[in-house]
Amino acid sequence: MFRQSLKRCAHLRVATAAPLLARQNLSLLTSTTRSSRPTLQTTTIKLSNLFVRWHSETAEASASEQPIEDVAPSHPTRFDELPALGVHPNLVKSITHGMGYEALSDVQSKTIVPALNGTDLVAQAKTGTGKTLGFLVPVLQRMLQEDPSLGTRNARYNARADDIRGIVLSPTRELAEQIAAEAEKLVAGTGLVVQRAVGGTQKSRMLEKTRRQGCHLLVATPGRLNDLLEDPRSGIRAPNLAAIVLDEADRMLDVGFRGELEEIVNKLPDVREKPRQTLLFSATIPKDVIQLARQWVRADNFDFIQTISQGDTPTHEKVQQHIVPCRSWGNVLPALFEVIGKEVESAQQPGAMPFKAMVFLPSVALVDLVSETYHDGFRSTCGVPALMIHSKLSQAQRSKASDKFRTMKSGILFSSDVTARGMDFPNVSHVIQVGAPPDREQYIHRLGRTGRQDKTGQGWLILSEVDIPICRSELRGLPIVPNREIESAAAELATDPAERLQIVNTTMDVLKGVPKSSLGAAYMSLFARVNRSNAQDRVNELREWFVDGMGLEGTPRMASNLAQKLGLGKVTGLNFGNDDFGSGNRDGDRRRSGSRFGRDDDRSFGGRDSHRSRDPFASLSSESRGGGDRAYKSYRGDRGDRGDRSYRGDRGDRGDRGDRKRDRYQETSF
DNA sequence: AAAAAAG
């Protein structure tokens, strides 16, 4: 099995690597004497065959390829083998003594030799498998190799701020801090100096420290690094830059960062004059990112190393993935608190991990709202302390939350996607995702906050039915199993509180007591990613939440020009009135959809649909689509109006692409 | 109005 996965690992080796290897005394042959482990089948192929290779699932050279050398590189398995491969003993000592690691992980084992040789890498490995060490060791080793006098600690005094040799870029400040902390442990016994350049901190303090201590490796977020490089008085320079690392590479290469990254590169030495190594690491490397990655690596000298075989997912089998489909958004928060309550209880069982959960929410406003709701209504009964983190907090608050959660044995961190990637909080037992994750990759990275190294954990995804279709296609192929034991998920909201689930009542009562501005912000944020096909459903389910669930007069007011921008122009049931929680914009609605609004509204939100399905999931499965579908969907707002037309439109749509979609759904586990 | 990232 091991052999097979190795074979499937797309791997390129280019001729230039061989002499370097020899020069560094890295004996390739020792691997055969050291152990009987299978060695990687390394094939040298022309770069033009790269894409063929990635799609072909085989590493055997074809006739068109030109094998230059048939080498079998060694794959060290223990850190104490690294000095024999040329890694400085003081670096290795930090790892084996200071950090207490013995065995290399799969990704470390496969990247170390090519990385030490100066080969550019695109490396993909599952979350929590030690990618950070995988890029830090070769980058730091290169510095020690170029200047052997840096091997001892007192050489630190020669470090300079204007001769930075390595840069690591991270998409978030907290991740940069974490990487820097790891790097500092590594260099503890050497003369290497690590500095950090992240936003939200005092630039002048950082510059003063860097001028005083010097810097070999700079760990940075893009904005601050760019700022430092374009400031002629900063004194930060990297004329001899030897390596640049993009951690979370797929994220760093996407549109949000591309411009800033280009600006940074333009201020660094021209690679034609000063060649440098580029390392791109991530747990997810979608196909379209591979094209972008090629612009970063040297065309004639790089490896693409995957420790995830084709067809496998970047998630861990040991982490169970549950989905709780909710009949409406109003059910989502009660379901969240029910899951938390039940899982806190399960964690009491002997042998269970203490309950330490990260709860990912789709917007800052929802982090605020849910965090407050938990503290006001559930914290005392549940007994588990909770923190929150998102980018709108001050950096001091963010760091405090992050540091505190790191040390907690049991606790909850309500979070936006700031902590979704790379963060290594020890012993997270649960990752709970609320609402549709922005994309497949983000789902995988969030889930990867649990089940790290040799640990286990579990994932929960709590979704409104409106978000099911998008998630079903986005998360296709992932082993996500429906959970029907959460009563709040299917509970009616429009019933007398005396007959309503207690947890629903508590949630709604607490929400009602939260400042209207918080509710309003959360409401607005839930329209951020709607599209033409689900906008009306979202309006309706949120209206049900506010009116039937919380017993408010209506939904928060939305400016009509904002509604236009959001693509809600043709949607009915929004509140364009002057009062924040008016009873809805009847005038506007009448103008748009005629006079039946009131009646449909009553029918939809009055909770009088006796035939509504009690099990939202049952009506979603591909087998029971049809009658159940209709019964289930009948709660929705004024569909009757625009009504029947849009309803049939939906179904017609489905019918057109029916076969293909059905196929995809069958591959999906929920 | 939507994660993040410069001030």
Side-chain angles (χ1 to χ4, degrees), chain A residues 169-177 196-204 206-207 219-231 234 236 246-248 250-264 267 358-369 388-395 398 402 414-423 433-446 449 467 470 517-531 534-535 538-539 542 555-569 571 574:
Chain A
L169 279 166
S170 147
T172 65
R173 296 167 181 175
E174 285 75 12
L175 182 55
E177 294 286 351
R196 31 196 107 186
V198 299
T201 59
Q202 280 186 35
K203 195 171 127 186
S204 56
M206 180 271 174
L207 285 175
V219 184
T221 45
R224 178 56 63 89
L225 176 61
N226 199 18
D227 186 11
L228 294 177
L229 290 176
E230 75 190 357
D231 178 356
S234 73
I236 300 286
L246 301 190
D247 196 11
E248 307 299 340
D250 56 328
R251 174 73 186 91
M252 299 302 290
L253 294 174
D254 89 15
V255 278
F257 282 116
R258 208 172 298 160
E260 191 110 62
L261 246 53
E262 273 170 28
E263 284 186 46
I264 288 169
K267 296 180 188 105
M358 294 179 74
V359 177
F360 287 100
L361 294 145
S363 64
V364 167
L366 274 157
V367 175
D368 282 333
L369 181 68
M388 70 162 171
I389 189 167
H390 58 64
S391 68
K392 299 294 190 293
L393 298 178
S394 72
Q395 190 52 42
R398 286 170 59 166
S402 170
F414 293 106
S415 180
S416 68
D417 273 342
V418 250
T419 61
R421 284 172 174 260
M423 294 307 295
Q433 309 195 30
V434 175
D439 52 41
R440 182 186 185 83
E441 284 70 39
Q442 211 66 359
Y443 171 87
I444 289 164
H445 285 276
R446 289 160 160 192
R449 296 318 95 209
D467 288 320
I470 180 97
S517 57
S518 304
L519 280 178
Y523 174 83
M524 299 299 170
S525 76
L526 286 168
F527 288 103
R529 273 190 276 260
V530 292
N531 54 45
N534 62 17
R538 177 74 87 228
V539 171
L542 293 183
T555 51
R557 181 181 154 227
M558 185 184 288
S560 58
N561 60 344
L562 174 60
Q564 291 292 335
K565 269 189 210 160
L566 291 169
L568 301 174
V571 153
L574 288 167

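- Across B:dG7, B:dA2, B:dA3, the shortest atom-to-atom separation from the side chain of A:A365 is found for B:dA2.
- Other residues, nucleotides and ligands contribute more than 12 heavy atoms inside 6.0 Å of the NZ atom of A:K267.
- Nearest nucleotide to the A:R398 side chain, out of B:dA4, B:dA6, B:dA2: B:dA4.
- A:L261 has its CG atom 15 Å from the C1' atom of B:dA6, to the nearest Å.
- Checked against B:dA4, B:dA1, B:dA6, the side chain of A:D227 finds its nearest nucleotide in B:dA6.
- Tested against A:I444 for a side-chain contact (heavy atoms from CB on, under 4.5 Å), the candidates A:E441, A:R446, A:R440 yield a single pass: A:R440.
- With rounding to whole Å, A:L526 atom CG is found 11 Å from B:dA3 atom P.
- Across all strands shown, A:P438 has no heavy atoms under 4.0 Å from either base or sugar-phosphate atoms.
- When the nucleotides B:dA3, B:dA1, B:dG7 are ranked by their closest atom to the side chain of A:R224, B:dG7 comes out on top.
- B:dA3 atom P lies 17 Å from atom CZ of A:F414, rounded to whole Å.
- Note on A:G256: a base of the nucleic acid sits closer than 4.0 angstrom, heavy atoms only.
- Rounded to whole Å, the distance from CD on A:E441 to C1' on B:dA3 is 14 Å.
- Among the protein residues, A:R251 comes within range of the nucleic acid bases, having at least one heavy atom under 4.0 Å from a base atom.
- What separates CD of A:Q564 from P of B:dA1 is a distance of 15 Å, to the nearest Å.
- Contacts of A:E263 with the nucleic acid, taken as non-hydrogen atoms under 4.0 Å apart, are absent.
- Here B:dA5 presents its C1' atom at 15 Å from CZ of A:R258, a figure rounded to the nearest Å.
- Side-chain contact of A:H390 with A:D368: a donor-acceptor pair under 3.5 Å is present, judged by distance alone.
- Of the side-chain N and O atoms in A:T221, none sit less than 4.0 angstrom from OP1 or OP2 of B:dA4.
- A:E174 places none of its side-chain heavy atoms less than 4.5 Å from the side chain of A:V198.
- Using a 4.0 Å heavy-atom cutoff across all strands shown, A:R446 reaches no nucleic acid atom at all.
- Under 4.0 Å is where a charged nitrogen must lie from a carboxylate oxygen, and between A:D231 and A:K203 at least one such pair does.
- Note: CZ (A:R173) to P (B:dA5) measures 5 Å, nearest angstrom.
- In this model, the phosphate group of B:dA3 is not approached by any side-chain N or O of A:T172 to a distance below 4.0 Å at OP1 or OP2.
- Whole-Å rounding puts the A:D417 CG to B:dA4 P distance at 7 Å.
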